[in-house]
Number of protein chains: 2
Amino acid sequence: MIEAWITQLRKGLLEYCVLTVLSRGENYGYEIVAALGRFEEFSVTESTIYPILARLRQEKYLKVRDVPSGLGPTRRYFSLTAIGKVRLAEMNHHLKKIESAISQLKTPPRKDNSHESDT
Amino acid sequence: MIEAWITQLRKGLLEYCVLTVLSRGENYGYEIVAALGRFEEFSVTESTIYPILARLRQEKYLKVRDVPSGLGPTRRYFSLTAIGKVRLAEMNHHLKKIESAISQLKTPPRKDNSHESDT
DNA sequence: TAGCGCTACCTCGCGATGCAGAGTAGTATC
DNA sequence: GATACTACTCTGCATCGCGAGGTAGCGCTA
């Protein structure tokens, strides 16, 4: 099942997506779910996002600001901290390297010489 | 720890990498480990690769050919089956969509109109 | 007051995966 | 027989995504 594979692929990636969304400005959980949900491959529910937000916050990558919405429960706005921005930059760096590695995997490795001429 | 994040990122991705490596032609486990190990982000050991190969084979994405190596135990060459190639194509498709989604996440969403002019 | 629906947040428990560590087996060399 | 190298296998743990379920504030209708 491709769907099961996508679930595995998201591991780690969703954390990155949350940070990326927040790099555009502060936002609250419910809206982040909606923002990611616009993309089929990132369709998620609260039970996926809230634990990520909690962990990111615990690790000091996010800070919190509670704002009464007057239209329901208080909204908890998350935004990147300084180290959160650093973290996101590191992630971007690693993702680029991974992309590069994958594109190299698609091409047979260039042996310096042809001391291996099987078949 | 970024390293822990990379570990999470690899979930699902390694399966894709293995299929990609095999799309270049048949190969055996030990060599696949070496092929992936050339890239820092994909540095793995046998205990990571062999379970993937076993699962991929069980799901009929790979077929096996045993070849005595005369230099140790018999080598077990893996190669893509027909549905293995289909699977890899599907994965490529999904990865492209994910890449596209990520690049859109980096840009604030364009509202068709400005019926939402917050700030 | 009671019931319903929407917004918004949080927690529990399961399944899948990556991976360190340890083990098995075949061949060659000493 | 002991050591070393190649090649593959198994066990057990940690982490994450996510379905299911729960709480709470506000507004509407009856």
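Hydrogens, waters and symmetry mates are skipped; everything else that's a heavy atom, side chains included, is used. Labels below follow one simple rule: chain letters A, B, ... track the order of the sequence lines, proteins then strands, and each chain is numbered from 1.
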Between [N] atom [atom2] and [X] atom [atom1], what is the distance in whole Å?
X: B:E31; N: D:dC8; atom1: CD; atom2: P; result: 10 Å
X: B:D66; N: D:dA7; atom1: CG; atom2: P; result: 13 Å
X: B:L14; N: C:dA20; atom1: CG; atom2: P; result: 12 Å
X: A:R65; N: C:dA8; atom1: CZ; atom2: C1'; result: 16 Å
X: A:I6; N: C:dA16; atom1: CD1; atom2: P; result: 17 Å
X: B:E3; N: C:dG18; atom1: CD; atom2: P; result: 17 Å
X: B:L56; N: C:dG18; atom1: CG; atom2: P; result: 10 Å
X: B:L53; N: D:dC10; atom1: CG; atom2: P; result: 13 Å

For this session: Tell me which of A:R10 and A:T74 sits closer to the 5' end of DNA chain D, going by the nucleotide each one is nearest to.
Result: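 First, find each residue's nearest nucleotide; the 5'-ward one identifies A:R10.
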
For this session: Find which nucleotide of DNA chain D each of B:Q8 and B:P51 is nearest to by heavy atoms, and output the residue with the more 5' nucleotide.
Result: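 Looking at the nearest nucleotide for each, B:P51 comes out on the 5' side.
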
Problem set entry | Sugar-phosphate, base or nothing in reach of A:T45, heavy atoms under 4.0 Å |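 Here A:T45 touches the backbone only, sparing every base.
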
For this session: Look at all strands and tell whether B:T48 reaches a base, only sugar-phosphate, or nothing, counting heavy atoms closer than 4.0 Å.
Result: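 If one applies the 4.0 Å heavy-atom cut-off, B:T48 turns out to touch a base.
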
Looking at [N], I'd like to know if its phosphate oxygens (OP1 or OP2) sit under 4.0 Å from a side-chain N or O belonging to [X].
X: B:Y28; N: D:dA7; answer: yes
X: B:R75; N: D:dC8; answer: no
X: B:Y30; N: D:dC8; answer: no
X: B:Y50; N: D:dT9; answer: no

Exercise. Does the side chain to side chain contact (heavy atoms under 4.5 Å, CB included) test come out yes or no for A:H94 and B:W5, once each step is laid out?
Worked result: CA-CA 10 Å; A:H94 281 283; B:W5 177 66; 4.0 Å; yes

Problem set entry | A:T20, A:L14, A:L19 screened by side chain to side chain contact (heavy atoms under 4.5 Å, CB included) with A:Y16, the one that passes |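 Between A:Y16 and the candidates, side chain to side chain contact (heavy atoms under 4.5 Å, CB included) is satisfied uniquely by A:T20.
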
Exercise. Between A:R76 and A:K11, which has a closest nucleotide on DNA chain C that is more 5'?
Worked result: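 Its nucleotide being nearer the 5' end, the pick is A:R76.
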
Exercise. Which nucleotide, C:dG18, D:dG17, D:dG25, lies nearest any side-chain atom of A:I52?
Worked result: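 Selected nucleotide: D:dG17.
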
Exercise. Do other residues, nucleotides or ligands put more than 12 heavy atoms under 6.0 Å from B:E90 CD?
Worked result: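 More than 12 heavy atoms, drawn from other residues, nucleotides or ligands, come within 6.0 Å of this atom.
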
Exercise. When only distance counts, do a donor and an acceptor, one from the side chain of A:T7 and one from the base of D:dG17, lie under 3.5 Å apart?
Worked result: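 Side chain to base: no pair present.
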
Exercise. Can you tell me how far CE of B:M1 sits from CZ of A:R87, rounded to the nearest 0.5 angstrom?
Worked result: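 Atom-to-atom, A:R87:CZ and B:M1:CE are 9.5 Å apart.
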
Exercise. Minimum heavy-atom separation for A:T107 to B:R24, with atom names?
Worked result: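 Taking every non-hydrogen atom into account, O-NH1, 3.5 Å.
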
